[in-house]
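As structure tokens, the structure follows; a few thoughts come after it.
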Amino acid sequence: MKSRESRKIDHIKYALHLDDGPCATGFSDVQVLHRCLPQVDRRKVDLSTSLPGVGTLASPIIINAITGGADGVKRINEKLAVVARETGCAMAVGSQYGAVRRGLHEDTFTIVRRTDPEGVLFANVSALATPDEAQRAVDMLEAQALQIHLNSAQELAMEEGDRDFSCWLEQISEICRSLTVPVIVKETGCGMEREDAKKLLEAGVTIVDTGGAGGTNFPAIETCRYPEGNGELSRWGIPSALSLCEVAETWGWQQGIIASGGIRSALDVFKAQVLGANAVGMAGNILRLVQERGTRYTIDWIGRLQEAVKDFYTLTGCTEVGQLRQVRFYVTGNLAAALHSFSYGKK
Ligand code: FNR
């Protein structure tokens, strides 16, 4: 059995070692229609977006939860916070569950607020946190929202993982009732289907992060740590684009939706917004960039990505996020087959 701290270090090590997938995100099955008469001035394109209860985000990109809570990761969080500050991206920290429960390594989280004093930051706990612990996580960071992560497949792939998921919804609902900031519930790579999205809405959750398959693969990471476990869990999960469609159908287009799981390019960002996401989360690729290429390179990379997203707004005749609703697209391949079979099943 390993400690929570050594697990966090292992996660970073294996996330850097493994590729995305093997499941495809499904965004290549989404084709957006070009407008030959864009009728817009690209210099007027404004990428700012918003999330209910949080307000305006200068960028549609969120540096999603990665780390904190272990020796040696403070520097990673500091670098990520510099990137967030310089690019206008919101940022979430990794799970604070250990810090709020045992008071350890708080400085690995507070460094983020110290580095990015004006930024939009999200605290992060598991569904096992009590309402008091959830509030302490928010206060530690002066966070504008709290992420609650759902990771049942990862837990099952871990030797030391939880096995009882029977009370998550009740616990989430309790946190929603007492917290002073909005709650974001996020999957971490296996996606959400519409019934669960509906239950989260009814429980008082303000924002969902669709966290589909196709990007960082936590069961695969856990299989590196515990090869005797259920290795097939790394081939489990709802592809990112499908998870987003499921949630958007229940929550409504851009009604508090973050898309994540293998979002890697400007076109992925744009397609996710067209499908109904207010913003997108990126984790594994940003970790790789800051660790392997450094802070300056990562800032420039995100800057170029944001400029490229503006190109796609322009080519579909849009200057702001609300106009993406009018953008026409069609779906092919597995995504089309999935959406077709669901609508067929409803009749
Ligand atoms: C994560 N992720 C994560 N999520 C969370 O809610 N709490 C956490 O503590 C962590 N820890 C963590 C560590 C490392 C090393 C990585 C790479 C990721 C999950 C992350 O926020 C995201 O949901 C998934 O990684 C899927 O997004 P990407 O990586 O495909 O963009």
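Just follow the structure's listing: the first ligand is 1, and inside any ligand the first atom is 1. Computed from a predicted model, the values in this text were never measured in an experiment.
- Considering each of I148, I66, V185, D268, the one bringing a non-hydrogen atom nearest atom 13 (C) of ligand 1 is I66.
- Annotation: atom 23 (O) of ligand 1 to nearest protein heavy atom, K186 NZ, 3.1 Å.
- The G215 neighbourhood of ligand 1 comprises atoms 30 (O), with distances under 4.0 Å to a heavy atom of that residue.
- Note on ligand 1: Y14 sits outside its first shell, no heavy atom being nearer than 4.0 Å.
- Atom 20 (C) of ligand 1 has its closest protein heavy atom at A65 O, 3.2 Å.
- Distances from ligand 1 to the non-hydrogen atoms of S260 include no value under 4.0 Å.
- In this structure, R225 pairs ionically with E160, as a charged nitrogen and a carboxylate oxygen lie closer than 4.0 Å.
- Distances from atom 15 (C) of ligand 1 to the heavy atoms of H11, K8, K13 put H11 nearest.
- Considering backbone and side-chain N/O of G262, one or more are found under 3.5 Å from N/O of ligand 1.
- For R304 and E307, the salt-bridge test fails: no basic side-chain N is under 4.0 Å from an acidic carboxylate O.
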Check your understanding: Under the side chain to side chain donor-acceptor pair (under 3.5 Å) criterion, do S59 and Q306 qualify, and how do the steps go?
Key -> CA-CA 8 Å; S59 169; Q306 288 167 335; 2.8 Å; yes

Exercise for review: Apply side chain to side chain contact (heavy atoms under 4.5 Å, CB included) to the pair R293 and W301, showing each step before the final yes or no.
Suggested key: CA-CA 10 Å; R293 305 288 199 115; W301 186 87; over 6 Å; no

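- Near M282, the atoms of ligand 1 lying under 4.0 angstrom from a non-hydrogen atom of the residue are 31 (O).
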Practice item. Determine, stepwise, if the pair N217 / S234 fulfils side chain to side chain donor-acceptor pair (under 3.5 Å). Key: CA-CA 7 Å; N217 185 328; S234 62; 4.7 Å; no

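- Every atom of ligand 1 with a heavy atom of G94 under 4.0 Å away is listed here by number and element: 8 (C), 9 (O).
- Within the structure, ligand 1 has G261 among the residues with a heavy atom less than 4.0 angstrom away.
- At a threshold of 4.0 Å, the pair R75-E78 counts as salt-bridged, since one of the basic side-chain nitrogens sits closer than that to a carboxylate oxygen.
- Residue L287 has no nitrogen or oxygen atom sitting less than 3.5 Å from a nitrogen or oxygen atom of ligand 1, judged on distance alone.
- Salt-bridge check for K199 with E202: failed, with every basic side-chain N at 4.0 Å or more from each acidic carboxylate O.
- Relative orientation of the Y313 and F270 rings is tilted, given thresholds of 30° and 60° on the angle between their planes.
- Atom 25 (O) of ligand 1 has its nearest heavy-atom neighbour, among I76, I258, T216, N151, in T216.
- Remark: among candidates R7, H149, R264, the nearest residue to atom 31 (O) of ligand 1 is R264, based on non-hydrogen atoms.
- Contacts between N124 and ligand 1 below 4.0 angstrom, taking non-hydrogen atoms only, involve the side chain exclusively.
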**Study point:** Evaluation steps, side chain to side chain contact (heavy atoms under 4.5 Å, CB included), between F27 and L244
**Key:** CA-CA 10 Å; F27 283 108; L244 172 56; 4.3 Å; yes

Practice item. I would like to know whether L233 and F218 meet side chain to side chain contact (heavy atoms under 4.5 Å, CB included); could you show each step before the answer? Key: CA-CA 9 Å; L233 290 169; F218 260 92; over 6 Å; no

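- Counting heavy atoms under 4.0 Å from ligand 1, residue S95 touches it through both backbone and side chain.
- Judged by the shortest distance from any of its heavy atoms, T188 lies inside the 4.0 Å radius around the atoms of ligand 1.
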Practice item. Show the numbers, then the answer: is there a side chain to side chain donor-acceptor pair (under 3.5 Å) between T130 and D132? Key: CA-CA 5 Å; T130 65; D132 275 357; 5.5 Å; no

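- If you check which protein heavy atom lies closest to atom 18 (C) of ligand 1, you get F218 CE1, 3.4 Å.
- Screening I184, N278, V208 for a side chain to side chain contact (heavy atoms under 4.5 Å, CB included) with I258, the sole residue that qualifies is I184.
- Checking only distances, A283 does come within under 3.5 Å of ligand 1, N or O to N or O.
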